[in-house]
Amino acid sequence: MDLDALLARRPQLALVDELAHTNAPGSRHPKRYLDVEELIWAGIDVYTTVNIQHLESLHDAVAQITGIQVRERLPDRILDQADEVQLIDLPPEDLIQRLKEGKVYVPEQASRAIEHYFRVGNLNALRELALRRTADRVDDQMRDYMQAQAIPGPWPTTERIMVCVSPSPFSTRLVRATKRRADRRNAPWVAVYIETPAHERLSEPTRTGSAGPSGWPSNLAAKP
């Protein structure tokens with residue numbers, strides 16, 4: 001993109017594709033989102049596109065889902081500063097069909113993408129990340145509106161999260177993951193342990209939570 005020519009022309013609106021990508025060598029800015037920031041500072045509105053796998057905060061999750069380290073990444077603050085975000089939600093099968101028809105990549109590149117990255121399972125997981133990220137933004141907008149209008153809340157649109165734990169050594173990990181998710185969504189959460197006859201057959205350290213990492217935290221127990 002010829003940034004200087006665009007600034008000199010000063011359109012009311014510029015369309016800039018692939019927000020997270022790296023610029024060509026010799027460009028003024030190493031990243032395209034830095035070009036977009038300069039356009040905005042100059043008073044030019046920008047419509048742009050970005051895929052969910054390019055958000056910095058989701059890097060670890062995307063790598064775990066796809067097995068691929070995404071190198072082109074975008075600071076979350078860029079998305080957070082946008083006046084409006086529109087989710088373009090496409091079923092995985094439709095995207096794969098577009099790839100096969102050559103509407104996204106050239107044929108050889110499309111074949112590699114379908115085989116290694118754009119598999120149905122990966123696309124479903126990325127689709128869920130996109131839906132959740134957009135929902136988080138809508139939730140923030142709703143809270144801002146309620147505060148500005150002095151509306152008492154919360155309205156019954158916020159998630160409530162429950163995690164069920166057991167004597168499994170993975171229970172503490174589940175509790176930590178639930179806490180992180182609840183904090184991100186500003187949602188109330190509760191951990192529940194159902195005490196069954198099998199509970200009495202457990203060893204004393206396991207039942208009391210005194211066995212260290214292998215036991216479950218006793219302060220999470222809740223009888224029905």
Side-chain angles (χ1 to χ4, degrees), residues 1-3 5-6 9 11-40 44-141 159 177 180-181 184-185:
M1 184 172 67
D2 190 335
L3 180 59
L6 187 53
R9 186 172 180 177
Q12 182 179 349
L13 175 66
L15 308 182
V16 181
D17 197 16
E18 298 288 8
L19 181 61
H21 280 210
T22 299
N23 282 331
S27 301
R28 178 153 70 249
H29 301 299
K31 291 288 188 176
R32 197 164 299 171
Y33 72 83
L34 297 173
D35 291 342
V36 168
E37 284 191 317
E38 186 168 345
L39 292 174
I40 293 171
I44 300 171
D45 291 333
V46 176
Y47 280 179
T48 186
T49 59
V50 64
N51 293 326
I52 191 65
Q53 63 263 29
H54 294 295
L55 283 184
E56 182 67 46
S57 66
L58 298 176
H59 173 65
D60 292 336
V62 171
Q64 185 176 359
I65 290 166
T66 64
I68 295 174
Q69 298 286 337
V70 176
R71 291 176 296 174
E72 303 280 20
R73 301 202 293 275
L74 177 79
D76 285 53
R77 65 174 177 83
I78 303 298
L79 184 65
D80 294 337
Q81 291 169 2
D83 293 325
E84 182 180 356
V85 173
Q86 292 188 9
L87 173 66
I88 309 301
D89 184 28
L90 189 66
E93 293 78 10
D94 291 354
L95 177 55
I96 290 173
Q97 184 61 36
R98 288 175 59 83
L99 285 163
K100 291 178 178 179
E101 293 172 355
K103 296 180 178 179
V104 181
Y105 299 130
V106 296
E108 183 180 350
Q109 188 179 3
S111 297
R112 291 197 304 269
I114 294 172
E115 181 179 354
H116 298 292
Y117 193 87
F118 290 105
R119 298 194 293 268
V120 171
N122 290 354
L123 291 174
N124 276 322
L126 294 173
R127 187 185 188 192
E128 181 179 2
L129 287 177
L131 289 165
R132 289 185 178 277
R133 187 63 172 80
T134 307
D136 287 344
R137 179 182 172 90
V138 172
D139 191 56
D140 290 340
Q141 291 173 330
E159 292 183 40
R180 290 194 299 271
R181 176 168 292 189
R184 287 197 300 268
R185 288 162 173 75

Find the distance between CD (E18) and CG (N23) and round it off to the nearest 0.5 Å.
12.0 Å
Is there any ring-ring contact (aromatic ring centres under 6.0 Å, His included) pair reaching into residues 47-85, and which pairs are they, with sequence neighbours excluded?
H21-H54
Which atom pair, heavy atoms only, marks the closest approach of D80 to R137?
O-NH1, 3.7 Å
Should Q53 and I68 count as side-chain neighbours, where that means a heavy-atom distance under 4.5 Å?
no
Heavy-atom nearest pair, A130 first then L87, reads CB-CD1, 3.8 Å
Got a sec: does the CD of E108 have more than 12 other heavy atoms crowding it under 6.0 Å?
no
Checking H116 now: which residues fulfil side chain to side chain donor-acceptor pair (under 3.5 Å) with it, not counting sequence neighbours?
none
Quick one: do I114 and Y105 satisfy side chain to side chain contact (heavy atoms under 4.5 Å, CB included)? Show the steps, please.
CA-CA 11 Å; I114 294 172; Y105 299 130; over 6 Å; no
T49: side chain to side chain donor-acceptor pair (under 3.5 Å) partners, not counting sequence neighbours:
D17
How long is the gap from OG on S57 to CZ on R77, to the nearest 0.5 Å?
13.5 Å
Evaluate the side chain to side chain contact (heavy atoms under 4.5 Å, CB included) criterion for residues L39 and L6: first the C-alpha distance (whole Å), next the side-chain angles of each, then the deciding distance (0.1 Å), finally the verdict.
CA-CA 8 Å; L39 292 174; L6 187 53; 3.6 Å; yes
With Q12, which residues qualify under side chain to side chain donor-acceptor pair (under 3.5 Å), at least two apart?
none
Under a 3.5 Å distance rule, please check whether N122 uses its side chain to pair with a backbone N or O of Y117 as donor and acceptor.
yes
Give me the atom names and distance for the closest heavy-atom approach of L123 to F118.
CD2-CD2, 3.2 Å
Run the numbers on I65 and L129 for side chain to side chain contact (heavy atoms under 4.5 Å, CB included), then give the verdict.
CA-CA 11 Å; I65 290 166; L129 287 177; 3.9 Å; yes
To check you understand the geometry: which heavy-atom pair defines the closest contact between L126 and V62, and what is its length?
CD2-CG2, 4.1 Å
Euclidean distance, D35 CG relative to R28 CZ, rounded to 0.5 Å
7.5 Å
Which atom pair, heavy atoms only, marks the closest approach of V50 to A20?
CG2-CB, 4.3 Å
Carefully, step by step, assess I40 and Q81 under the rule side chain to side chain contact (heavy atoms under 4.5 Å, CB included).
CA-CA 11 Å; I40 293 171; Q81 291 169 2; over 6 Å; no
Should R133 and I52 count as side-chain neighbours, where that means a heavy-atom distance under 4.5 Å?
yes
For R119, what residues pass the salt bridge (Lys or Arg N to Asp or Glu O under 4.0 Å) criterion, not counting sequence neighbours?
none
Shortest non-hydrogen pair, R32 vs L19, comes out as CB-O, 3.6 Å
I'd like to know if K31 and E37 make a salt bridge, using a cut-off of under 4.0 Å between side-chain N and carboxylate O.
no
Atom pair CD/CG of Q109 and L99 - distance to nearest 0.5 Å
9.5 Å
Test of understanding: with side chain to side chain donor-acceptor pair (under 3.5 Å), list the residues that count as partners of D89, not counting sequence neighbours.
R127
Are the side chain of Q69 and the backbone of A63 linked by a donor-acceptor contact shorter than 3.5 Å?
no
